[in-house]
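Right, one structure below, let's go through it.
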Amino acid sequence: MFKELTDKINYSEVEEEILKFWEENKIFEESVSSRNGKPLYTFYEGPPTANGRPGIHHVMARTLKDAFCRYKTMSGFQVHRKAGWDTHGLPVEIEVEKQIGIKHKDEIIEYGVEKFNKACRESVWKYKVDWETMTREMGYWVDLNDPYVTFHNNYIESIWWALKKYYSKDMIYRGYKIQPYCPRCETPLSSHEVALGYKDVKDPSVYIKMKLKDEVNTHFLVWTTTPWTLISNVALAVHPTIDYVKVELLTSEGEETKPTGEFLILAKARLEILKEKYSIVSEFKGKDLLGKEYERLFNYHEVKEKGWYVVEADFVTTDDGSGIVHMAPAYGEDDYQICRKFNLPTIHPVNKSGEFEDAVTDFKGKFVKDADADIIQNLKARNILYRKEAYLHSYPHCWRCSSPLLYYARDSWYIRTTAYSQRMIELNKQINWIPKEVGEGRFGNWLEENKDWALSRDRYWGTPLPIWVSDDMKEMKCVGSFEELIGAEWLDENGIPTGKFFGKEDLKTLDPHKPTVDKLAFKTVNGKYLKRTPELIDVWFDSGAMPFAQWHYPFENKEIFDSAYPADFISEGIDQTRGWFYTLHSIGTFLFDKPAYKNVLVNELILDKTGQKMSKTKGNTVDPFTLISKYGADATRWYLVSQSPVWRTTLFDEDGIGEVQRKFFSTLVNTYSFFALYANIDAFDFSEPVIPIAERSEIDRWIISSLNTLVKEYKQYMNEYDLTKASRAITDFTLDNLSNWYVRRNRRRFWKSEKGKDKTAAYQTLYECLDAIVKMAAPIAPFLADEMFRNLNTATKKEKFSSVHLAMLPEVNESAIDPSLETRMDRAIRIVGLVRAMRMKSNLKVRQPLKKILIPVKDQTEYLLLKSIEGIILDEVNVKEVDAKIDQDIIKYKIKANFRVLGQKYGKFTAKVAEGIKQFTPIQITKINTEGRIEIVVEEKPVIIVLEDVEIIAEEIKGWMVESDGKITVALDTEITPELRIEGFAREFVSRIQNLRKDSGLEVTDRISIAYSCGDQLAEALYKSTEYIKNETLSVELTRKNLNGNAVKEDINGEQCEISITKVLN
RNA sequence: GGGCCUAUAGCUCAGUUGGUUAGAGCGCACGCCUGAUAAGCGUGAGGUCAGUAGUUCAACUCUACUUAGGCCCA
């Protein structure tokens, strides 16, 4: 027996049952183990961080991951799915700081780094339960029992191994990094934190004159909004191709202007900033200025390198300022990069509280921002201040304490990624990006502009940088495994060697985090101690190392790693382009000289339904748990992937999930229920031999052909990682082809016909369709698909698999695809539509039989085509005859140009020829139609038009009602003869009886007896159709008698009638 | 400032190598159908295919620019 489902199905309950079934029977585990020995399809899970609650975008990302892993499993691959957790980094620290009430980084030391990190280690799992619940409820199959965790010792040891690889090839170096820094909290901020605190503020905007060394009385005009950085000025930058001018300032006395002998250099496009009159002395490009030296403004510091000359930089613009940019490498990223390029000195006279050091004698001890006014005063006194005003702009502030942030050069460790960026670009070409423009554009450009990776972080909770250095930084040692720590000497709290050494037994209890590793030192041959550099590494290195670190490679699992690198598939949000996608690629390229992944599916943001970004402050976030319990995971998943291509932004509208459920899911369930209802009545269990497709009826062959076409398309889309097209194709087939055409057209075969070959064929055909749909839907809607698969399979035992997720996808049966049959059916569907439209317009309901329709056809081929679908059309539109007319005496044709053909032949002449064709007389149309060619004259030139140059469509048929869709024209005979009227009564009457049966709650197999009372005309019609009526309504008796107004009153095509039905007990 | 993406009906989206009636769903109005139907089907209203210029016999489609929005980077 097939389990009967109703459309009142509670999807969440079904899903919970399926979850239990999966868990009790270890279906996920089996879906992996049952593919032992099969080719691997490698998937890498990008580790989420579990100290934030999961949101709807996580459901999206995980649906994609899950769908393709299931798809590949059902295609015969073995797909291991190891979960992972990203557990280090600033977000965790901030969470813990809040928890224990710390505001300042230094307080962590007071609190105790050990205690602090212990708290971090626990805080990491704050929302683990939520993540696990979400993962389970949404049906994301991933092995949560054996995840990789970035703070685990094995994971960290693998990272150390990788870092030593870098180190030993001289790929790690110390440098400066310009970081946003809060002078009050004394901590650098991440870009994420910076974004939180932009405020509009007024800063001084000053133009300064910088005196050229070798031109008399000539100054560069330089603009800055941070006067305090002028102390550290080391160069000026110009754009090489921008026009610059040298001007002489003029004084005016009355009408007269006099030269002052004072010259300024600035960008030509910025002349407007000059407040007095001037005359242009000369004009030149920026590159002509390169190398020109000028006098230092402030001489507090001695430097070795050459500075104070003009360099080129392409970020210089003429949007504001003077087109000449002051360079202070310690305080700006652009400045720093340029100064590295030209080997300029770096002057950093500011302490960690943001105050000038003593060396800056005039301003020492002042907070730099507060020193601005004094510096301006100083410049003014020296007559090198040209102009000063206020400047309103958006400037970042600390999100915790509101102090203006400073951009600071800080000591930092770098990975020299620029050394192999060309190789990254080459290897990127091997990666299949979906969509490809992310790979070529966003990611490609990022690689083109690659900068060295700032690896270190001055924080506490993270993977320690395994480098030990001497106090003078001259000696270094990089540790690439925990064993290499053996022999290191323990230090006490004050950093004094204790004489105790790290031994083999210490390996067992080692916590490779701070502060433990900081207590170890290596003694060098000349007696110096190497101590660990205090920094951690960027958490992005953690996640980028997961291909090998998840396996503790190379210390263990060499074979596993070798067979599982690179990944076949990864999928994350577009925000990972410069995050995980990059770090995987960068580390992979360097260590293994291979891309880390072959296919990467990028998904875009999910916005709310008005296109606004979802955020907690706006309150427009969507809670995945609520959705899943309300609609079920299947509908949510299906909605997310089918709504819009996943690599475009999705506007999330909850109503859409309801629609998916109502339309697709309930139609599918209804179709299944219909099947189950009659299959149970007829005890169909697919035990009969499969009827060859060739021996089935045409409509069976049609749906099987369409189904195979669908399977083919589906696999193509899935192999292109296009879930949107795949899901839409399934939906369209299920709704249009299967439910609204095949099942509707074939209902009678299930409930009427005797058992036999045709009925069996119908059951087998519908079963095969359902079976295939369920399998194709399984990757996206894993619950309902499994429920239906199991229901189908329990009854038929067609497959040995206990779950659809263990089964194989249907194969495409090419020989079952019959394109001409599909075209024919498409034609029939369109004709039926046209006839329905005409019935509509003349108010003739489909139950009223009509005499005939007439369809003009061009030739014998079309005639035969039409005849082959005649039966379907007649039955569907309730008409007695299809007349396929070839003769044209009563049909008026319209002719129009076939531009596609004509355009190639005539080029510029096309429009004129087309106009000529439009003017054809009916005789000319007939001539070209019968003779295949005709000569016309266009602009006095003879032109031969052949049949392929034109399209001829019937437009009107004399005396008939006509409807056309531009290709096919159908005429309908609307006359209702007495015989047709009688038949119409009978059809209408049957319909009423069926409704009554249904309303009375009768089973479809119950027998009834009917009594009715009505006028003579209707009674006569019913009498004549007695057999038909009894047969259709399963009634044993049909009698006319006086019901005295006590029964149901009906209007049968204008005739009043009373009807009563009674169930007959057998 | 740079890179990438997007712009088609009130809303969400299709639209093939350029070819002459630009489609679907939702919503709205009206009607029909129904022993699988809380469903479905049909009809109707609703489009300067963001704008401008260009290429072409022909542009929603190709090119350039502009405008608006989004994401990323500076």
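Chain letters run A, B, ... following the sequence lines, proteins first and then strands; every chain starts at 1. Quick note: numbers below take in every heavy atom, side chains included, and nothing from hydrogens, waters or symmetry partners.
Nucleotides C11(B) and C28(B) are separated by 16 Å at their P atoms, to the nearest Å. Nucleotides A68(B) and A74(B) are separated by 24 Å at their P atoms, to the nearest Å. To the nearest whole angstrom, the two C1' atoms, one in C62(B) and one in U55(B), are 8 Å apart. Here the separation of U17(B) from A59(B), taken at their C1' atoms, is 14 Å to the nearest Å. Separating the C1' atom of A22(B) from that of C49(B) is a span of 8 Å, rounded to the nearest Å. Straight-line distance between the C1' atoms of A14(B) and G31(B): roughly 28 Å, to the nearest whole Å. Separating the C1' atom of A58(B) from that of G19(B) is a span of 7 Å, rounded to the nearest Å. Here, G47(B) and G10(B) have their P atoms 6 Å apart, quoted to the whole Å.
Here G3(B) presents its P atom at 13 Å from CD of E448(A), a figure rounded to the nearest Å. Atom pair I434(A):CD1 and C4(B):C1' shows a separation of 17 Å (rounding to whole Å applied). The interatomic distance linking R900(A) (CZ) with A58(B) (P) rounds to 17 Å, in whole Å. Rounded to an integer number of Å, the gap from E604(A) CD to C13(B) C1' is 16 Å. As a whole-Å value, the separation of Y742(A) OH from A36(B) C1' is 14 Å. For the pair Y582(A) OH and C4(B) P, the computed distance is 20 Å after rounding to whole Å. Summarising the geometry, the separation between CZ on R728(A) and C1' on A24(B) is reported as 10 Å, rounded to the nearest angstrom. The CG-C1' distance, from L651(A) to G69(B), rounds to 11 Å in whole Å.
Of the candidate nucleotides C13(B), A36(B), G25(B), G25(B) has the atom nearest to the side chain of K663(A). Across G70(B), U20(B), C13(B), the shortest atom-to-atom separation from the side chain of T649(A) is found for G70(B). The side chain of R744(A) approaches A36(B) more closely than any other nucleotide in the set A36(B), C13(B), G40(B). Residue R648(A) has its side chain nearest to U6(B) when only U6(B), G70(B), C73(B) are considered.
Note on R442(A): every side-chain N or O is 4.0 Å or more away from OP1 and OP2 of G3(B). Residue Y678(A) places at least one side-chain N or O under 4.0 Å from the OP1 or OP2 atom of A36(B). Look at N898(A) and you won't find any side-chain N or O under 4.0 angstrom from OP1 or OP2 of G19(B).
Note on E449(A): nothing from the nucleic acid sits closer than 4.0 angstrom, heavy atoms only. Residue S739(A) is in base contact, counting any heavy-atom pair closer than 4.0 Å across all strands shown. At a threshold of 4.0 angstrom between heavy atoms, the contacts of L677(A) with the nucleic acid are absent. Across all strands shown, P645(A) has heavy atoms under 4.0 Å from sugar-phosphate atoms exclusively, and none from any base.
Judged as a side chain to side chain donor-acceptor pair (under 3.5 Å), and not counting sequence neighbours, the contacts of T417(A) are N450(A).
Taking the six-membered ring where the residue is Trp, F652(A) and Y639(A) present perpendicular rings, their angle passing 60° and hence far from 30°.
Comment: E787(A) engages K3(A) in a salt bridge, judged by a side-chain N to carboxylate O separation of less than 4.0 angstrom.
Rounded to the nearest 0.5 Å, atoms CZ (R648(A)) and OG1 (T724(A)) are 10.0 Å apart.
Between the K1063(A) side chain and the R1007(A) main chain, no donor and acceptor come within less than 3.5 Å of each other.
When each of V990(A) and T650(A) is assigned the nucleotide of RNA chain B with its nearest heavy atom, T650(A) is the one assigned upstream, toward the 5' end. Comparing E988(A) and K451(A) by the nucleotide of RNA chain B that holds the closest heavy atom to each, the one mapping nearer the 5' end is E988(A).
Taking a centre distance below 5.5 Å and an interplanar angle below 30 degrees as the stacking criterion, W446(A) does not stack against the six-membered base ring of C73(B).
For W433(A) and F581(A), the ring centers are positioned less than 6.0 Å apart. A ring-centre distance under 6.0 Å is found for F674(A) and Y678(A). Ring pair Y763(A)/F684(A): centre-to-centre distance below 6.0 Å.
For RNA chain B, the stems formed by at least three consecutive Watson-Crick or G-U pairs, with both atom-pair distances below 3.5 Å, span B:1-7 with B:67-73, B:10-13 with B:23-26, B:28-32 with B:40-44, B:50-54 with B:62-66.
Side chains of T709(A) and E822(A): a donor on one and an acceptor on the other come within 3.5 Å.
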